[in-house]
Peer 1: 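This is the structure, below, for whatever I ask next.
Residue numbers begin at 1 in each chain, while the letters A, B, ... track the order of the sequences. Predicted, not measured: the structure shown is a model, and the values here were computed from it.
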Amino acid sequence: MGEVLRGCVLPDTFYPVENLCDYLDFGSQRSYRKGEAVLLPDEVLGKIIFVLSGRLKVSTITPDGREKFIYSAGQYCLMDRLFSFEEDHILIIAVEDSKVCFFTKEQLLMVFKQDEELIIDVLRNFASKVYYFLNQTNELNLYSPSARILRLLYELYKSKGKYKNNTWEINIYLPNKGISEITGLHFVTVSKIFGYLKRQKILKKTKTKIIIYDVERLKSLIDEGITY
DNA sequence: CCATTAAAGGTGC
DNA sequence: GCACCTTTAATGG
């Protein structure tokens, strides 16, 4: 009797392990100010990072020294830094004032002795993350840039869309910059695509929500492609 | 079709 | 007054 789960649409937190909050005494807590680095590139930590509040951003440093976004970690997200890989070039910074709790391998084992169910939660956190990036590689390989952004919007509609006076509303704070980072499109291109979708009266994006007027057009555009 | 660059317009602290 | 995001236009692969 397996359980069928819905995958994450956005690279954010993936699966919050809230129950780990009961065992914070086993780990060590620390606060970070906005902009402060939690993990520097190639730093060996040997601990699990558990986000208690705020938000961390995980990115890689490219060979030309630029930051490439990977995922965002909100409350109760678990980030594995128990193991270190050679030249990972991974940077974790607090994008808000944040509080985190670290667990070493020994501390984690003590927690698991108290609560075996948590092992499954941790596994599920890993599974969610792996599944997301599995899909992400397919997305990058199978679809054109503009199709990826349309598909993202369609997935958001399916998972978060609410029907409201003849339109579908997605309540979400998702700047163009973020969409650009997730889909791999240039931020200027993202802006142009939203301009097109608005002119075509397919959808409109505001600061806190995306309002879809024509779901069918959005869906069909994925295959047709966009002519600006 | 999309990235890049530059420049100007917005917003919020 | 500055940092950060968005838009628009131009150019080129």
Peer 1: From CG of A:Asp223 over to P of B:dC1, roughly how many Å is that when rounded to an integer?
Peer 2: 14 Å

Peer 1: Rest of the hydrophobic cluster containing A:Tyr173 (Ile/Leu/Val/Met/Phe/Trp/Tyr, side-chain heavy atoms under 4.5 Å)?
Peer 2: none

Peer 1: Let me know the distance between OH of A:Tyr196 and C1' of B:dC2, rounded to the nearest Å.
Peer 2: 15 Å

Peer 1: Given B:dC2, is OP1 or OP2 found less than 4.0 Å from the side-chain N or O atoms of A:Ser146?
Peer 2: yes

Peer 1: Which two nucleotides bound the region of DNA chain C that has atoms under 4.0 Å from heavy atoms of chain A, read 5' to 3'?
Peer 2: C:dC5 to C:dA9

Peer 1: Please collect all side chain to side chain donor-acceptor pair (under 3.5 Å) contacts where either partner lies in residues 91-106 of chain A, sequence neighbours excluded, each pair once.
Peer 2: A:Thr104-A:Gln107

Peer 1: Using the test side chain to side chain donor-acceptor pair (under 3.5 Å), find all partners of A:Lys209 that sit at least two apart in sequence or belong to another chain.
Peer 2: A:Glu169

Peer 1: Hydrophobic cluster mates of A:Leu134, side-chain heavy atoms under 4.5 angstrom, ILVMFWY only, any path?
Peer 2: none

Peer 1: Show which side-chain atoms of residues 72-92 of chain A pair as donor or acceptor with protein atoms under 3.5 Å away, not counting sequence neighbours.
Peer 2:
| unit_1 | atom_1 | unit_2 | atom_2 | d |
| --- | --- | --- | --- | --- |
| A:Ser72 | OG | A:Arg55 | NH1 | 2.5 |
| A:Gln75 | NE2 | A:Leu52 | O | 3.0 |
| A:Asp80 | OD1 | A:Leu82 | N | 2.9 |
| A:Arg81 | NH1 | A:Asp88 | OD2 | 2.9 |
| A:Arg81 | NH2 | A:Asp88 | OD2 | 3.0 |
| A:Asp88 | OD1 | A:Asp42 | N | 3.3 |
| A:Asp88 | OD1 | A:Ile90 | N | 3.3 |
| A:His89 | NE2 | A:Glu87 | O | 3.4 |

Peer 1: Rounded to the nearest Å, what distance is computed from the CZ atom of residue A:Phe194 to the P atom of nucleotide B:dC2?
Peer 2: 14 Å

Peer 1: Is there a donor-acceptor pair under 3.5 Å between the side chain of A:Ser180 and the backbone N or O of A:Asn176?
Peer 2: no

Peer 1: Could you tell me whether a side-chain N or O of A:Gln136 sits under 3.5 Å from a main-chain N or O of A:Ile182, the two making a donor and an acceptor?
Peer 2: yes

Peer 1: Would you mind listing the cluster partners of A:Leu142? Hydrophobic ones only (ILVMFWY), side-chain contacts under 4.5 Å, chaining allowed.
Peer 2: A:Tyr143

Peer 1: Rest of the hydrophobic cluster containing A:Val188 (Ile/Leu/Val/Met/Phe/Trp/Tyr, side-chain heavy atoms under 4.5 Å)?
Peer 2: A:Phe187

Peer 1: Looking only at side-chain N and O atoms, does A:Thr189 come under 4.0 Å of OP1 or OP2 in B:dA3?
Peer 2: yes

Peer 1: Rounded to the nearest Å, what distance is computed from the CZ atom of residue A:Arg148 to the C1' atom of nucleotide B:dA3?
Peer 2: 13 Å

Peer 1: What is the nucleic acid contact for A:Gly178, judged by heavy atoms within less than 4.0 Å: base, sugar-phosphate only, or nothing?
Peer 2: nothing

Peer 1: Could you state the CD1-C1' distance from A:Ile226 to B:dC2, rounded to the nearest angstrom?
Peer 2: 11 Å

Peer 1: Which parts of nucleotides 6-13 of chain B does protein reach within less than 4.0 Å, heavy atoms only, written one letter per nucleotide 5' to 3' as B for base, S for sugar-phosphate only and - for none?
Peer 2: --------

